[in-house]
Amino acid sequence: MSDPNTLQTITDFAEQLAVEAGDLVRRERDQNTLRTDYKQQTELVTHADVMADEFITGAIRERFPDHRILSEESMPDLSQAEELETPLWIVDPIDGTVNYAYGHPQVAVSIAYAENGQVQAGVVHAPFPGETFRATRGEGATLNGQAIAHSGATVPRQSLFATGFPYTKDNLAPLVDRLNAMIHQCRDLRRIGSAALDICWVACGRLDIYYETVSPWDFAAARLIALEAGARAGHFGDVPRGYPEDLWGQDILISAPAVWEPVRSILRSASGYD
Ligand code: IPD
Ligand code: CA
Ligand code: CA
């Protein structure tokens, strides 16, 4: 495990990359140069996604040639998450691509750094509002340099939750069942459109609960930020034995600590897990 000073340097580096990539992403949209395409027929991808991915992964490779990289656009090989020997960077160049393409502000660059499958540093930078969430393991979490903390919500009925839905529409029924249960038992729903920001918003108390099934690049950095802000992070489903929990994206639940167990019960019973 790296010493705290090294981890601070790594977090600084991740922040610098996230902010520079965020500038690139913002510039591309402000200059109306947005070019969109589709991957796997349904999933929107813009030229800026690819440019930001190349910028971030190129800079990591140059500084840490021995490290592995898992990035959504250029290196999406999920088996990387299970190889624990060398440090791993986990990158989402634009989380919230649909928002980006529609001119919405909820867009983030997400960069995480893990050793032995455990995330040690995370940065989520939202270039449009100019907000940078950051955490180094054991050192707390900040938003633009100020310490942040979860909302302290105590009951689901007075909790605001966020979730999301996949691009593929072939298995939506279980998600609709969960949503049905949650909307009846919580205050209300927000569909922000960026998993990384959903989780950072739980970290700073703008939301109380987040759950979804997503990929490691969507949540790895934000999950550490939430944990360091005192939120509880785990899963309402099972994590396969031996798989690094920090990188398992199925059935994620992150919330203010007091509502975590009650919400887990709601989601498990709506999923037919119990
Ligand atoms: C998406 C966002 C969204 C979530 C989707 C993700 P992308 O990431 O995080 O909130 O619901 O499942 O794929 O495609 O914008 O990077
Ligand atoms: Ca994403
Ligand atoms: Ca993305």
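Just the heavy atoms: all of them, side chains too, but no hydrogens, waters or symmetry mates, feed the values below. Numbers for residues simply follow the sequence, beginning at 1. When a ligand or atom number is given, it counts from 1 through the structure's own listing order.
Below 4.0 Å from some heavy atom of D92 lie the following atoms of ligand 1, by number and element: 16 (O). Each of the following atoms of ligand 1 lies closer than 4.0 Å to a heavy atom of G96: 7 (P), 15 (O), 16 (O). Of all atoms in ligand 1, numbered sequentially from 1 with element shown, those under 4.0 Å from a heavy atom of E72 are 16 (O). Close approach of ligand 1 to D95 is summarised as follows: ligand atoms under 4.0 Å from at least one heavy atom of the residue are 1 (C), 2 (C), 7 (P), 8 (O), 9 (O), 15 (O), 16 (O). Near S194, meaning under 4.0 Å from any of its heavy atoms, are these atoms of ligand 1: 9 (O), 10 (O). Listed by number with element, the atoms of ligand 1 under 4.0 angstrom from any heavy atom of I94 are 16 (O). Contact atoms of ligand 1 toward T97: 15 (O) (distance under 4.0 Å to a heavy atom of the residue). Atoms of ligand 1 lying under 4.0 Å from at least one heavy atom of G193, given by number and element, are 2 (C), 3 (C), 10 (O).
Within the 4.0 Å heavy-atom shell around ligand 1 one finds Y167.
By the side chain to side chain donor-acceptor pair (under 3.5 Å) test, S159 pairs with no residue at all, sequence neighbours left out. Checked against side chain to side chain donor-acceptor pair (under 3.5 Å), R264 has no partners two or more places apart in sequence or in another chain. Considering only residues two or more places apart in sequence or on other chains, F13 meets the ring-ring contact (aromatic ring centres under 6.0 Å, His included) condition with F64, W89.
Protein N, O or S atom count below 3.0 Å of the Ca ion (ligand 2): the structure gives 3.
A continuous path of hydrophobic side-chain contacts links L224 to Y243 [ILVMFWY only; heavy atoms under 4.5 Å].
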query = For T11 and T136, what are the C-alpha separation, side-chain angles and deciding distance, and is it a side chain to side chain donor-acceptor pair (under 3.5 Å)?
reply = CA-CA 7 Å; T11 321; T136 309; 2.8 Å; yes
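The one candidate from E228, E139, E15 that meets the salt bridge (Lys or Arg N to Asp or Glu O under 4.0 Å) condition with R134 is E15.
A donor and an acceptor atom, one from each side chain of D49 and T97, are located under 3.5 Å apart. The closest side-chain donor-acceptor pair between S269 and D274, if any, does not fall under 3.5 angstrom.
Under a 4.0 Å N-O distance rule, the pair R232/E261 qualifies as a salt bridge. For the pair R26 and D23, the salt-bridge criterion is met [side-chain N within less than 4.0 Å of a carboxylate O].
Only side-chain heavy atoms of R191 come within less than 4.0 Å of ligand 1; its backbone N, CA, C and O stay farther off.
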